[in-house]
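A short write-up of the structure that comes next.
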Amino acid sequence: MSHAVVTSLTAAFESDERPAAERERLVRLMALFADLPPPPDVSDHFPRYAELQREFRDSCRSNDPEQIEERFLELYAHLHMYEAPYTPEERRRVDETGGYWSHAGGLSPILKAGDWLRPDSVSADLGAGNGLQGLLFQKLYPHRRTIQVEISSTMVEIGMRLQRWLDIPDDRVEWVVGDVMSASVKGTDFLYLYRPVRPDGPGRAFYERIAAELDGSDSDVVIFSIADCLRDFLSPRFEVFYSDGHLTCFKKTPSPDS
C-alpha cells in the first residue's frame, strides 16, 4: 500500500463527517483499490477496470473528497457487476421470488462492519452475486469464515477468482451455489442481506425461517440489512442500532434468563 496515497487520502478526508474509525477504514479500502492489479476476467467481465482505476488514481491527487469518492464508487460498482451473467432459469427464479439483481450495497456496510466483525466471527451474505461485499468484509476485517450463498454458478466462479485476486485464504470463504430460499444461517453471527426475496408470497416463509434461526442462535447476532424486509419478522430481542433509510442494522439483546 503506497504511503503517499494513504497520506493524500487521509488529508482529503480529514473533515469528512464519518466517525474517525470509518474514515480510517475508507482510506484503507481506497488505498487497496488504488494499488490492486487488474482482476481476473478483466476483458470479459470488467472491461472498464483500467479506465476507472486510472480515473480514481488521478482523483486521489485532487484533494477533493467528493470527486475521490465518486470515482471510487464507480470502480467499486463496476467490480460488483451490475450486469450479472445469470441463466434464463436463474433469472426466472430470482424474478419469481422478488430478489434484487446484484445491486451494490455501498460503502456504509463495509465501513461500519469493522465495529462488529471479530476474529472468531462467521459472516454470511445471502444472494452474494460475485461475493465482492463479503470478500471486502473478510479482507478488511479477517475473521473465521465468510459464507457466500448465490444461485448463479458463474457468479460464484468469478467470486472465487476475485478471492484469489484479493489474496484471501481459501479456508476463509465458503461458497454455496444455491437458492437463498433454502439457505440456512445457523452458526452465523454476522448476517448481510440486500433484500434477497420479497417479504410476501414464497418469500414470507424465507424471512420467517431466517428470523427463527437467528432468534434461536446462542450467538450475539448482528444483522446488516439493505432495503430491509426482515424487521417485521424479527422478535423483540432484536433492536435497531443504526438506520439511514438504506442500511438498517440490528443486534440481538440477551434473553432474560441468560
Side-chain angles (χ1 to χ4, degrees), residues 1-6 8-9 25-61 67-87 90-91 100-111 113-114 117 123-143 145-177 192 194 226:
M1 186 182 299
S2 167
H3 179 72
V5 171
V6 172
S8 176
L9 289 169
R25 294 164 191 160
L26 178 63
V27 167
R28 284 171 55 201
L29 181 62
M30 287 183 167
L32 169 69
F33 273 63
D35 284 351
L36 281 168
D41 311 304
V42 66
S43 59
D44 292 333
H45 301 305
F46 310 109
R48 297 190 62 209
Y49 179 84
E51 168 199 350
L52 293 174
Q53 187 187 47
R54 182 175 62 254
E55 291 176 354
F56 167 59
R57 285 172 170 170
D58 290 345
S59 74
C60 290
R61 295 188 287 271
Q67 182 185 74
I68 295 170
E69 188 162 342
E70 181 178 336
R71 296 292 178 268
F72 177 74
L73 285 170
E74 290 173 352
L75 177 59
Y76 156 81
H78 186 58
L79 284 167
H80 202 283
M81 294 181 62
Y82 177 72
E83 292 296 333
Y86 290 90
T87 67
E90 290 164 352
R91 286 189 177 275
Y100 276 7
W101 283 107
S102 192
H103 288 217
L107 297 183
S108 181
I110 300 171
L111 303 182
L117 283 168
S123 64
D125 183 350
L126 302 186
N130 67 16
L132 181 65
Q133 204 83 341
L135 292 174
L136 293 178
F137 289 150
Q138 184 65 248
K139 182 68 177 180
L140 291 181
Y141 322 114
H143 50 283
R145 190 164 78 256
T146 298
I147 302 168
Q148 311 260 44
V149 181
E150 169 55 41
I151 196 171
S152 168
S153 59
T154 300
M155 289 292 269
V156 167
E157 290 169 2
I158 294 168
M160 293 174 75
R161 292 193 287 273
L162 289 177
Q163 179 182 348
R164 291 190 290 271
W165 175 61
L166 290 168
D167 197 27
I168 297 172
D170 290 346
D171 62 357
R172 289 297 179 95
V173 183
E174 177 183 347
W175 296 93
V176 179
V177 179
Y192 175 79
Y194 195 145
I226 305 288

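Note that this is a predicted model, so its numbers are computed, not measured.
- A distance-only check finds a donor-acceptor pair linking the side chain of Arg28 to the backbone of Leu140 [under 3.5 Å].
- The backbone N or O of Glu157 sits nowhere less than 3.5 Å from a side-chain atom of Trp175 that would complete a donor-acceptor pair.
- A search for side-chain hydrogen bond (donor to acceptor under 3.5 Å, both in side chains) contacts involving Arg172 returns Gln138, not counting sequence neighbours.
- Nearest heavy atoms, Gly127 versus Glu150: C-OE1, 3.7 Å.
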Next item on the list: Take His78 and Phe46 through the side chain to side chain contact (heavy atoms under 4.5 Å, CB included) test and state the conclusion after the steps.
Entry: CA-CA 7 Å; His78 186 58; Phe46 310 109; 3.9 Å; yes
Next item on the list: Just do the side chain to side chain contact (heavy atoms under 4.5 Å, CB included) check on Glu51 and Arg54 with the steps written out, would you?
Entry: CA-CA 5 Å; Glu51 168 199 350; Arg54 182 175 62 254; 4.0 Å; yes
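- Closest approach of Met155 and Asn130 over heavy atoms only: CE-N, 3.4 Å.
- Here the closest heavy-atom approach between residue Tyr49 and residue Pro38 is recorded as CE2-CA, 3.6 Å.
- Scanning all heavy atoms of the two residues, the minimum distance from Pro109 to Ile226 falls at CG-CD1, 3.7 Å.
- With rounding to the nearest 0.5 angstrom, the NZ atom of Lys139 is 12.5 Å from the CG atom of Leu162.
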Notebook entry, point to check: Phe72 and Leu107: side chain to side chain contact (heavy atoms under 4.5 Å, CB included), yes or no, with the steps?
Noted result: CA-CA 10 Å; Phe72 177 74; Leu107 297 183; 3.4 Å; yes
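- The CG atom of Leu135 sits 4.5 Å away from atom CD1 of Ile168, with the distance rounded to the nearest 0.5 Å.
- For the pair Trp165 and Pro37, the tightest heavy-atom approach, listed with the atom from each and the gap, is NE1-O, 2.9 Å.
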Note to self: Walk me through whether Phe56 and Phe33 qualify under ring-ring contact (aromatic ring centres under 6.0 Å, His included).
What the structure shows: CA-CA 9 Å; Phe56 167 59; Phe33 273 63; 7.7 Å; no
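- Side-chain contact between Gln163 and Asp170: present, with at least one pair of heavy atoms (C-beta onward) separated by less than 4.5 Å.
- Annotation: the span from Thr154 atom OG1 to Ile158 atom CD1 amounts to 6.5 Å, rounded to 0.5 Å.
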Note to self: Using the rule given for side chain to side chain contact (heavy atoms under 4.5 Å, CB included), can you reason through Leu29 versus Arg25, listing the C-alpha separation, both sets of side-chain angles and the distance that settles it, and then say yes or no?
What the structure shows: CA-CA 6 Å; Leu29 181 62; Arg25 294 164 191 160; over 6 Å; no
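- Counting only heavy atoms from C-beta outward, the side chains of Glu55 and Leu52 approach each other to under 4.5 Å.
- No hydrogens or angles considered: nothing links the side chains of Tyr192 and Gln148 as a donor-acceptor pair under 3.5 Å.
- Going from atom CG of Leu26 over to atom OG of Ser108 covers 11.0 Å, rounded to the nearest 0.5 Å.
- A distance of 11.5 Å separates SG of Cys60 from CZ of Arg71, quoted to the nearest 0.5 Å.
- Here the CD atom belonging to Glu74 is positioned 5.5 Å from the CD atom belonging to Glu70, to the nearest 0.5 angstrom.
- Side chains of Leu36 and Leu166 form a contact here, defined as non-hydrogen atoms less than 4.5 Å apart.
- Although no hydrogens or angles enter the test, the distance criterion places a donor-acceptor pair under 3.5 Å between the side chain of Gln133 and the main chain of Gly106.
- Across all non-hydrogen atoms, the minimal contact from Thr146 to Gly134 is CG2-O, 3.9 Å.
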